[in-house]
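Working notes, beginning with the structure itself.
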Amino acid sequence: MIVLTEWRKLVSGAIIVVIALAGLPLMISAANAAEDDVDIVSITRGGLLYDKWYKVIKAPEPQETHAAWPASNTNKDGATTWRCKSCHGWDMMGNEGAYSSGSYLTGIPGITSMANVPIADIIAILKDDTHGFEGMMDEGDFYDLANFVSNGQIDIDALIERETKSANGDAGQGGAYYGTLCLNCHGVDGDLPKDMGTTLGTLANSNPWEIIQKILNGQPGEQMPAMRAFDVQVSTDILAYLQTLPLDE
Ligand code: HEC
Ligand code: HEC
């Protein structure tokens with residue numbers, strides 16, 4: 001009997017070890033999932049909101065010019081002065097980036113230093129007196145915007161040459177992506193939807209910083225795919241291909 005009891009103990013001990021070992025990979029992968037949970041979906045939506053939040057949430061377009069928009073800039077007024085991108089730039093570099101000149105010159109700084117800053121701190125900035133967004137968006141919108149600012153910024157100068165505006169991508173590879181992802185809507189010449197008026201070729205060459213964001217996050221209010229779940233090189237390759245497409249006539 002003693003022998004049998006000992007044997008049983010051994011077996012149940014072994015079973016516990018086996019169960020524990022079997023559970024280990026599950027536990028490890030769960031832990032990884034939590035660590036890697038950068039929530040691409042939220043960041044991408046935040047990027048769309050950064051582009052044109054009132055279109056994304058189907059809110060009425062603000063009528064007044066934003067209080068933080070400087071009187072020195074008379075090129076723009078009304079709704080467009082409420083877009084994050086209008087003040088901070090498509091490259092997030094504000095007065096040190098593409099908006100250091102041109103029709104969006106405001107002198108307003110960029111937000112690159114806010115990468116990896118706690119989301120709650122960024123949400124507080126969006127609701128401060130300078131921004132005044134409190135009540136205009138809901139908490140989920142603020143979270144996604146702040147998540148984009150904190151976790152969605154890319155090293156844009158590594159992807160797009162600042163002086164030449166040329167994308168550091170493989171246009172051949174980008175052509176394959178374009179053919180399978182974009183062609184149905186944008187056609188071989190890179191235009192078509194809603195009679196865009198400006199070709200993707202012209203847009204990609206004149207404002208590549210805007211277009212990489214559109215590729216990563218999609219187009220506000222449209223059924224256009226967002227490439228952010230893939231390596232950023234995919235988007236850069238697509239941008240390189242768009243730069244080879246026909247320009248406006
Ligand atoms: C009308 C112009 C304007 C708009 C639109 C605007 N901002 Fe700002 N933002 C500013 C100004 C000006 C500052 C600097 C405030 C200061 O110095 O106190 C700022 C600062 C910031 C900062 C802090 C930067 C830092 O380094 O301290 C963040 C983050 C930010 N804005 C995010 C956003 C987001 C996200 C949106 C869109 C929801 C947005 N802003 C829309 C004008 C604007
Ligand atoms: C389901 C259709 C659809 C697909 C697929 C699609 N797009 Fe779009 N795209 C649109 C629509 C619609 C617009 C808005 C056009 C307008 O407002 O005139 C647009 C706008 C754009 C814009 C912005 C133009 C602007 O002036 O703001 C860019 C850039 C763009 N698409 C690139 C792409 C790329 C690159 C792909 C493939 C990765 C792609 N699109 C796939 C439908 C699509």
Side-chain angles (χ1 to χ4, degrees), residues 46-47 49-56 62 64-70 73 76-77 79-90 92-96 99 104 106-115 117 119 121-133 136-137 141-142 144-150 152-153 174-187 190-204 206-208 210-228 230 234-235 237-243 245:
L49 290 164
Y50 183 90
D51 177 339
K52 207 183 230 183
W53 57 269
Y54 45 84
K55 181 113 189 226
V56 176
E64 305 292 319
T65 297
H66 194 289
W69 188 260
N73 183 322
K76 308 285 173 192
D77 58 14
T80 196
T81 65
W82 287 80
R83 296 166 74 184
C84 313
K85 79 92 203 161
S86 295
C87 289
H88 298 297
W90 292 110
M92 323 292 154
M93 290 164 67
N95 59 356
E96 291 181 349
Y99 288 173
Y104 283 95
T106 60
I108 293 170
I111 55 166
T112 49
S113 67
M114 301 304 282
V117 164
I119 285 181
D121 296 1
I122 299 172
I123 292 176
I125 292 173
L126 301 181
K127 295 179 178 177
D128 69 13
D129 289 344
T130 303
H131 289 97
F133 285 116
M136 304 187 87
M137 289 179 257
D141 303 329
F142 286 124
D144 292 346
L145 267 168
N147 197 10
F148 171 73
V149 172
S150 183
Q153 299 203 47
Y177 297 138
Y178 184 89
T180 53
L181 293 164
C182 323
L183 185 73
N184 278 347
C185 290
H186 287 287
D191 45 25
L192 294 181
K194 301 186 170 174
D195 296 323
M196 273 178 32
T198 306
T199 63
L200 290 179
T202 295
L203 290 168
S206 61
N207 194 345
E210 171 180 356
I211 302 310
I212 194 102
Q213 297 294 345
K214 301 275 191 192
I215 299 171
L216 284 166
N217 306 315
Q219 176 80 343
E222 304 292 355
Q223 304 292 331
M224 192 171 109
M227 296 294 118
R228 190 176 283 273
F230 302 99
V234 171
S235 296
D237 291 346
I238 292 173
L239 180 62
Y241 177 72
L242 297 187
Q243 291 185 328
L245 288 176

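Just follow the structure's listing: the first ligand is 1, and inside any ligand the first atom is 1.
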Do me a favour and list the nearest non-hydrogen protein atom to atom 15 (C) of ligand 2 with residue, atom name and distance? Met196 CG, 3.5 Å
I need the contact type for Ala204 against ligand 2. Using non-hydrogen atoms and a strict under-4.0 Å cut-off, is it side chain, backbone, both or neither? neither
State, to 0.1 Å, how close Gly89 and Tyr50 come at their nearest heavy-atom pair, and which atoms those are. O-OH, 2.8 Å
I'd like to know if the side chain of Gln213 reaches the main chain of Trp90, judged simply by a donor and an acceptor atom lying under 3.5 Å from each other, with no hydrogens or angles considered. yes
Donor-acceptor pair, Arg228 side chain versus Gly47 backbone, under 3.5 Å? no
With a 4.0 Å cut-off on heavy atoms, is Thr198 in contact with ligand 2? no
Parallel, tilted or perpendicular: which fits the ring planes of Tyr178 and Tyr241, with parallel below 30° and perpendicular above 60°? tilted
Mind checking whether Arg83 has a heavy atom under 4.0 Å from ligand 1? yes
Could you walk me through whether Tyr177 and Phe230 pass side-chain contact (heavy atoms from CB on, under 4.5 Å), step by step? CA-CA 12 Å; Tyr177 297 138; Phe230 302 99; over 6 Å; no
Leaving out waters, which are not shown anyway, how many protein N, O or S atoms lie closer than 2.8 Å to atom 8 (Fe) of ligand 1? 2
State the atoms of ligand 1, each with its element, that fall below the 4.0 Å cut-off from a heavy-atom position in Leu145. 38 (C)
Report the nearest protein non-hydrogen atom to atom 24 (C) of ligand 2: residue, atom name, distance rounded to 0.1 Å. Leu203 CD1, 3.6 Å
Based purely on interatomic distance, does Ser113 place a nitrogen or oxygen under 3.5 Å from a nitrogen or oxygen of ligand 1? yes
Option of least heavy-atom distance to atom 29 (C) of ligand 1 (set: Met136, Met114, His66): Met114
Taking side-chain hydrogen bond (donor to acceptor under 3.5 Å, both in side chains) as the test, write out the residues that go with Thr202, two or more places apart. Thr199, Asp248
Contact region, Phe133 to ligand 1, non-hydrogen atoms below 4.0 Å, reads side chain
protein heavy-atom neighbour closest to atom 5 (C) of ligand 2 works out as Leu181 O, 3.2 Å
Below 4.0 Å, non-hydrogen atoms only: which portion of Ile238 touches ligand 2? Side chain, backbone, both or neither. side chain
Is there a donor-acceptor contact under 3.5 Å from the side chain of His66 to the main chain of His131? yes
Heavy atoms, side chains only, cut-off 4.5 Å: are Met114 and Ile125 in contact? yes
Give the atoms of ligand 2, by number and element, whose distance to some non-hydrogen atom of Ile211 is under 4.0 Å. 29 (C)
Under 4.0 Å from atom 33 (C) of ligand 1, can you find at least one protein heavy atom? yes
Quick one, Gln153 and Ile111 - any side-chain contact, counting heavy atoms below 4.5 Å? yes
Main-chain N/O of Ile119 paired with Ser150 side-chain donor or acceptor, under 3.5 Å: no
For a quick test of reading the model, state the closest non-hydrogen atom pair linking Leu239 to Pro208 and the distance between them. CD2-O, 3.9 Å
Run the side-chain contact (heavy atoms from CB on, under 4.5 Å) test on Phe148 and Asn217 for me, step by step, so that the C-alpha distance in whole Å, both residues' side-chain angles and the decisive distance to 0.1 Å come before the verdict. CA-CA 10 Å; Phe148 171 73; Asn217 306 315; 4.1 Å; yes
Asp51: what forms a side-chain hydrogen bond (donor to acceptor under 3.5 Å, both in side chains) with it, not counting sequence neighbours? Arg83, Lys214
Atom indices of ligand 1 within 4.0 angstrom of Trp69 heavy atoms, with elements: 1 (C)
Nearest heavy-atom approach of Lys76 to Thr80 is CB-CG2, 3.9 Å
I need the atoms of ligand 1 closer than 4.0 Å to a non-hydrogen atom of Thr81, numbered in the order shown. 1 (C), 5 (C)
Any sub-3.5 Å donor-acceptor pair from His88's side-chain atoms to Gly110's backbone N or O? no
Candidates Pro109, Ser150, Ala67; heavy atom nearest atom 14 (C) of ligand 1 found on Pro109
Show me which atoms of ligand 2 lie under 4.0 Å from any heavy atom of Pro225. 4 (C), 5 (C), 6 (C), 41 (C)
Is there a side-chain contact (heavy atoms from CB on, under 4.5 Å) between Val149 and Leu145 once you walk through the steps? CA-CA 6 Å; Val149 172; Leu145 267 168; 5.6 Å; no
What protein N/O/S atoms are found closer than 2.8 Å to atom 8 (Fe) of ligand 2? His186 NE2, Met224 SD
Kindly indicate whether atom 9 (N) of ligand 1 is approached by any protein heavy atom to under 4.0 angstrom. yes
Determine, step by step, whether His186 and Met196 satisfy the side-chain contact (heavy atoms from CB on, under 4.5 Å) criterion, reporting the C-alpha distance in whole Å, the side-chain angles of both residues, the deciding distance to 0.1 Å, and the verdict. CA-CA 9 Å; His186 287 287; Met196 273 178 32; 3.5 Å; yes
Please confirm whether the backbone N or O of Trp82 pairs with a side-chain atom of Ser86, one donor and one acceptor, at under 3.5 Å? no
